[in-house]
Asker: 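Encoded as structure tokens, here's the structure I'll be asking about.
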2 protein chains.
Amino acid sequence: MKEDVRMLKDGIYGQFARIGKALSSPRRLELLDLLSQGPKSVETLSRETMMSVANVSQHLQTLLEARLVIFEKKGTYAIYRLSSSTTSRLLLLMQELAEELLAEVKQLREQFYRGELEAISLEGLQDRMQNEDVILIDVRPKEEYEYAHIPGAYSVPITELEQHLKQLPPEQKIVAYCRGRYCVYAAQAVDQLRSHGYQAVRLEEGIREWKVLSIPE
Amino acid sequence: MKEDVRMLKDGIYGQFARIGKALSSPRRLELLDLLSQGPKSVETLSRETMMSVANVSQHLQTLLEARLVIFEKKGTYAIYRLSSSTTSRLLLLMQELAEELLAEVKQLREQFYRGELEAISLEGLQDRMQNEDVILIDVRPKEEYEYAHIPGAYSVPITELEQHLKQLPPEQKIVAYCRGRYCVYAAQAVDQLRSHGYQAVRLEEGIREWKVLSIPE
DNA sequence: CCATTATTCAATTGATTTATTGAATTAAAG
DNA sequence: CTTTAATTCAATAAATCAATTGAATAATGG
């Protein structure tokens, strides 16, 4: 009887470990992070992560086996997506825990933003959207904006920011966001905007955090 | 510049993977689950999991390196505990995701409770505590009860249930809980109580879920 | 039907992980 | 100081994992 319980426990933790194993590789964590911003092809994931297509494909097979992703074929393209939004929440919590426990994460964050960690939070954004004439811009690739974005945001992919500057009055106050706490697009956008004299600030979080907190507009 | 960002990304995901690697072993997941019920010695963990002391110690070193646990010496005993309650939340979310994605988990749950999955939830418990004359009993080891328990619960460790029966009127309605969705103590207690004619039912969740939901008494 | 494009598969190599066994270490008791 | 108890360490063997390379497959376009 006690052996029965032991076997059941071993079985159930073996299943839980399927999720854990999928999350044990830095490469797969990055792939999952990218996919939580929207569905993507193998080729797109390869380009974004600078991994070979074969390597991306292998890691995606591992994620498929753990049921964390699903895919559909569109022509020769295999479009992968997360199978559950719970995976996004799990990734966020994992990152929160890593920030809490690992000093190295803090150090790397400072390198991400070269000492200039100043940003506003989602609560601060809400204040400003209600009380000030600010524009919120989403500097991720357009496809990710189209998949999901913070309500009230305009899509200005970082690669197109320069062209968009002409359309903004110089006194316009701007908040820029991208994929979240470990993406540099928003910081780069703020640098660029400030160099043209705009009052710009970075939003710390992205659409995933917005969804979890469910802050209404 | 693009290489800089790539190195930063590799670095940050390498750090996140430290957490993922710690969670990739079924053994370590069980150890973390036990520790989220309260601090324990290596010897206690070895007995509960039926792993050798040396193996438990090795896995604990791995968890130490990932900063998921801390320990203090008490005489010859090393008492290990979780370093953050965020780890409990992460484990719960991981289990929730596994239940959602993996059919094998559903099958194993049915084997846990031999087809009799009937239980009440925390909401149902709250109703009954307010509207009926039910007793809530915690059938985990006494040490875990002392560390944390659902308010209003009495400690009746499963090994002492038989002796406690004398003190309960036969018409007493009883709700029993243990460590959560993957623990059999509550189901065993309910079987035993019912065989003595009591009206008993199992609570699905444990103290961890209660804390996350923060349902006040 | 052939060429192209995107993706997956298979084999290989080197690195990492896991459990065991016996030794070593740490702390307390006598 | 010696013995005991609890824990950790080190070495080993077997299994698993990850990236690369080249081949194979799948789907489309001409």
Side-chain angles (χ1 to χ4, degrees), chain A residues 6-7 9-11 13-32 34-35 39-66 68-81 143, chain B residues 6-7 9-11 13-32 34-35 39-66 68-81 143:
Chain A
R6 176 41 40 198
M7 285 183 67
K9 294 261 194 183
D10 287 347
Y13 285 108
Q15 291 301 314
F16 294 156
R18 281 173 73 186
I19 307 290
K21 283 179 179 181
L23 304 176
S24 65
S25 155
R27 305 302 210 178
R28 288 195 291 279
L29 286 174
E30 186 168 5
L31 292 173
L32 288 171
L34 284 168
L35 289 174
K40 292 177 173 60
S41 66
V42 178
E43 187 181 81
T44 296
L45 292 166
S46 167
R47 195 180 335 112
E48 288 272 358
T49 57
M50 289 176 156
M51 288 163 65
S52 71
V53 168
N55 203 15
V56 169
S57 182
Q58 267 183 186
H59 283 297
L60 288 171
Q61 299 318 305
T62 301
L63 294 174
L64 270 175
E65 280 160 22
L68 287 167
V69 301
I70 52 178
F71 76 98
E72 60 182 333
K73 288 297 287 262
K74 284 183 167 174
T76 50
Y77 289 95
I79 307 296
Y80 281 82
R81 71 180 67 226
E143 295 79 15
Chain B
R6 176 44 37 200
M7 285 183 66
K9 294 261 193 183
D10 286 348
Y13 284 107
Q15 292 300 313
F16 294 154
R18 281 173 73 185
I19 306 290
K21 284 180 179 181
L23 304 177
S24 66
S25 155
R27 304 303 209 178
R28 289 196 290 278
L29 286 174
E30 187 167 5
L31 292 173
L32 288 171
L34 284 167
L35 289 175
K40 291 177 174 62
S41 67
V42 180
E43 186 180 83
T44 296
L45 291 168
S46 167
R47 194 179 337 112
E48 289 272 357
T49 58
M50 291 176 155
M51 289 163 64
S52 69
V53 168
N55 203 15
V56 169
S57 182
Q58 263 184 190
H59 283 296
L60 288 171
Q61 299 317 304
T62 300
L63 295 174
L64 272 175
E65 280 157 25
L68 287 165
V69 300
I70 52 177
F71 75 99
E72 60 184 331
K73 289 298 286 268
K74 283 183 167 172
T76 50
Y77 289 96
I79 307 297
Y80 281 82
R81 72 181 65 226
E143 295 79 14

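Naming convention: chains lettered A, B, ... in sequence-line order (proteins, then strands); numbering from 1 in each chain.
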Asker: Among pairs that include at least one residue of residues 39-63 of chain B, which meet salt bridge (charged side-chain N to carboxylate O under 4.0 Å, His left out), considering only residues two or more places apart or in two chains?
Answerer: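 The answer is B:K40-B:E144, B:E48-B:R179.
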Asker: Any side-chain to backbone donor/acceptor pair from A:R27 onto B:Y13? Under 3.5 Å, distance only.
Answerer: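 No; judged by distance alone, with no hydrogens or angles, the pair does not exist.
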Asker: Mind calculating the distance between CD (A:E65) and P (D:dT16) to the nearest angstrom?
Answerer: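 The distance from CD of A:E65 to P of D:dT16 comes to 13 Å, rounded to the nearest Å.
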Asker: Grab the CG-C1' distance between B:L45 and C:dA19 for me, whole Å please.
Answerer: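 Rounding to the nearest Å, CG of B:L45 and C1' of C:dA19 are 17 Å apart.
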Asker: In whole angstroms, how far is the C1' atom of C:dA6 from the NZ atom of A:K40?
Answerer: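 Taking NZ of A:K40 and C1' of C:dA6, I get 18 Å after rounding.
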Asker: Between A:G75 and A:P26, who's closer to the 5' end of DNA chain D by nearest nucleotide?
Answerer: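 Upstream on the strand: A:P26.
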Asker: Can you tell me if B:H59 touches the phosphate of C:dA19, counting only side-chain N or O atoms and a distance under 4.0 Å to OP1 or OP2?
Answerer: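 It does, given that an N or O in the side chain of B:H59 lies less than 4.0 Å from OP1 or OP2 of C:dA19.
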Asker: Which of these, A:V69, A:L60, A:T62, sits in a side-chain contact (heavy atoms from CB on, under 4.5 Å) with A:R28?
Answerer: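 It is A:T62; the other options fail the test.
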Asker: Set out, in order, the CA-CA distance, both residues' side-chain angles and the distance that settles side-chain contact (heavy atoms from CB on, under 4.5 Å) for A:L35 and A:L45, then state yes or no.
Answerer: CA-CA 9 Å; A:L35 289 174; A:L45 292 166; 4.2 Å; yes
Asker: Between A:M51 (CE) and C:dA6 (C1'), how many Å, whole number?
Answerer: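 That distance rounds to 16 Å.
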Asker: Taking only N and O in the side chain of B:R27, is any of them less than 4.0 Å away from OP1 or OP2 of C:dA19?
Answerer: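 For C:dA19, OP1 or OP2 has a side-chain N or O of B:R27 closer than 4.0 Å.
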Asker: Within the pair B:R28 and C:dT18, is there a side-chain N or O less than 4.0 Å away from OP1 or OP2?
Answerer: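 Answer yes for this pair, as a side-chain N or O of B:R28 is under 4.0 Å from OP1 or OP2.
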Asker: Do side-chain atoms of A:S57 reach the backbone of A:A54 as a donor and acceptor pair under 3.5 angstrom?
Answerer: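 Such a contact is absent between A:S57 side chain and A:A54 backbone.
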Asker: What does B:S25 touch in the nucleic acid at a heavy-atom separation under 4.0 angstrom: a base, only the sugar-phosphate, or nothing?
Answerer: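 It contacts sugar-phosphate atoms only.
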Asker: Between A:R6 and B:E30, does at least one N-O distance fall below 4.0 Å, as a salt bridge requires?
Answerer: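 A salt bridge is present here (some side-chain N lies under 4.0 Å from a carboxylate O).
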Asker: To the nearest Å, give me how far apart NZ (B:K21) and C1' (C:dT18) are.
Answerer: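 B:K21 atom NZ is separated from C:dT18 atom C1' by 14 Å.
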Asker: May I ask you to say whether B:R81 pairs ionically with B:E72, meaning some side-chain N is under 4.0 Å from a carboxylate O?
Answerer: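 A salt bridge links B:R81 with B:E72.
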Asker: Rounding to an integer number of Å, can you tell me how far B:E30 CD sits from C:dT18 P?
Answerer: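 Interatomic distance, CD of B:E30 to P of C:dT18: 15 Å.
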Asker: Between atom CE in B:M50 and atom C1' in C:dT20, what is the gap in whole Å?
Answerer: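 Answer to the nearest Å: 18 Å.
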Asker: Just how far, in rounded Å, is P of C:dT7 from NZ of A:K74?
Answerer: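 Rounded to whole Å, this separation is 13 Å.
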Asker: Under 3.5 Å, which protein N or O atoms sit close to an N or O of nucleotides 3-8 of chain D? Give each pair with its distance.
Answerer:
from, atom 1, to, atom 2, distance (Å)
D:dA6, OP1, B:E43, OE2, 3.4
D:dA6, OP1, B:Y77, OH, 3.2
D:dA6, OP2, B:E43, OE2, 3.4
D:dA6, O5', B:E43, OE2, 3.2
D:dT7, OP1, B:V42, N, 3.3
D:dT7, OP1, B:A78, N, 3.4
D:dT7, OP2, B:E43, N, 3.0
D:dT8, OP1, B:Y80, OH, 2.5
D:dT8, OP2, B:S57, OG, 2.7
D:dT8, O5', B:S57, OG, 3.4

